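One structure is given below, encoded as structure tokens.
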There are 2 protein chains.
Amino acid sequence: MGLTKTEGYTQAQIELATVAKVLGHPARIAIVQHLLEINACIGNDLMDVLPLSQPTISRHLAELKKVGIIQGTIEGSSMNYCINAHRWREIRQMLGGLLGMEPGAQCC
Amino acid sequence: MGLTKTEGYTQAQIELATVAKVLGHPARIAIVQHLLEINACIGNDLMDVLPLSQPTISRHLAELKKVGIIQGTIEGSSMNYCINAHRWREIRQMLGGLLGMEPGAQCC
DNA sequence: TCTTTATATAGCAATATTGCAATATTAAAA
DNA sequence: TTTTAATATTGCAATATTGCTATATAAAGA
């Protein structure tokens with residue numbers, strides 16, 4: 001298959017999984033961290049930060065954009081990418097809600 | 001390719017991505033939520049909770065176990081699964097560290 | 001012992017992901 | 001206008017993921 005079933009889950013579960021999945025690649029983690037750290041918008045300075053080719057970086061950026069984590073604006077012939085602050089807080093809420101739960105007493 | 005490059009990233013980035021990736025499926029989110037909520041160890045009660053066949057559930061459980069999120073002990077002819085509390089806190093730290101970062105002023 | 005229950009594994013088919021080279025595309029620069 | 005720089009897209013090959021059915025396996029029960 002390769003196809004993930006979606007019926008039988010809540011919308012929240014699907015949303016959570018979708019975001020987690022996008023964060024589930026070291027290149028995308030590295031991009032997000034970089035954008036959070038340098039606190040500035042970048043074009044493909046990422047070429048110097050990631051061990052990947054330009055087309056591959058472009059695709060990772062597109063995936064991050066698809067779930068709203070980053071946004072990009074055109075600046076002449078280059079792109080300015082940065083974290084979407086609002087969406088970032090939303091994601092913090094979502095994932096934080098899950099992570100914040102306490103496992104209770106171990107029973108195995 | 002289909003194969004994720006690992007050179008050129010920090011160990012922390014790879015670890016983060018690995019955990020996020022495992023959480024990147026609604027079935028695995030549902031399993032984790034369920035285990036956190038009922039605060040009890042279960043066998044395949046999950047059959048009643050997920051829209052998946054027993055073998056498929058078993059595989060999702062195996063993936064969660066591989067990264068240490070859950071652990072299982074044999075109980076007669078069935079398995080007791082539960083969240084690994086220690087690992088859970090570790091993951092909260094890791095992911096929380098990323099999520100906690102503030103995007104700073106929007107510039108695009 | 002035979003059967004049932006609970007689980008895991010193997011094997012398969014379909015789709016998804018990842019990465020690169022090659023090629024568009026678009027704007028700035030010469 | 002030609003060239004350069006910065007990106008995105010296409011096309012491809014290799015591997016990964018997902019889900020199922022069928023089949024082990026192992027303990028409990030009859």
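Keep in mind that this is a model prediction, so the values were computed, not measured. Residue numbers begin at 1 in each chain, while the letters A, B, ... track the order of the sequences.
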| query | Parallel, tilted or perpendicular for B/H25 and A/Y9, by the 30°/60° rule? | reply | perpendicular
| 5' priority, DNA chain C, between A/K21 and A/S53 [closest heavy atom] | A/K21
| message | Can you tell whether the side chains of A/K21 and A/E15 come within less than 4.0 Å, N to carboxylate O? | response | no
| Nucleotide by nucleotide, 5' to 3', does protein get under 4.0 Å of the base (B), only the sugar-phosphate (S), or neither (-) in nucleotides 4-10 of chain D, counting heavy atoms? | --SBBB-
| message | Show every salt bridge (Lys or Arg N to Asp or Glu O under 4.0 Å) that has at least one partner inside residues 48-68 of chain A, sequence neighbours left out. | response | A/R28-A/E63
What is the distance, rounded to the nearest whole Å, between atom [atom1] of [X] and atom [atom2] of [N]?
X     : N      : atom1 : atom2 : result
A/H60 : C/dG19 : NE2   : C1'   : 8 Å
B/K5  : D/dT15 : NZ    : C1'   : 16 Å
A/I74 : C/dT25 : CD1   : P     : 15 Å
B/L52 : D/dT18 : CG    : P     : 11 Å
A/L50 : C/dG19 : CG    : C1'   : 13 Å
B/I57 : D/dT18 : CD1   : C1'   : 13 Å

Side chains of [X] and [Y], heavy atoms from C-beta outward: is any pair under 4.5 Å?
X     : Y      : result
B/V32 : B/I83  : yes
A/I69 : A/I91  : yes
A/W88 : B/P103 : yes

| request: Answer with base, sugar-phosphate or nothing: what part of the nucleic acid does A/E75 contact at a heavy-atom distance below 4.0 Å? | output: nothing
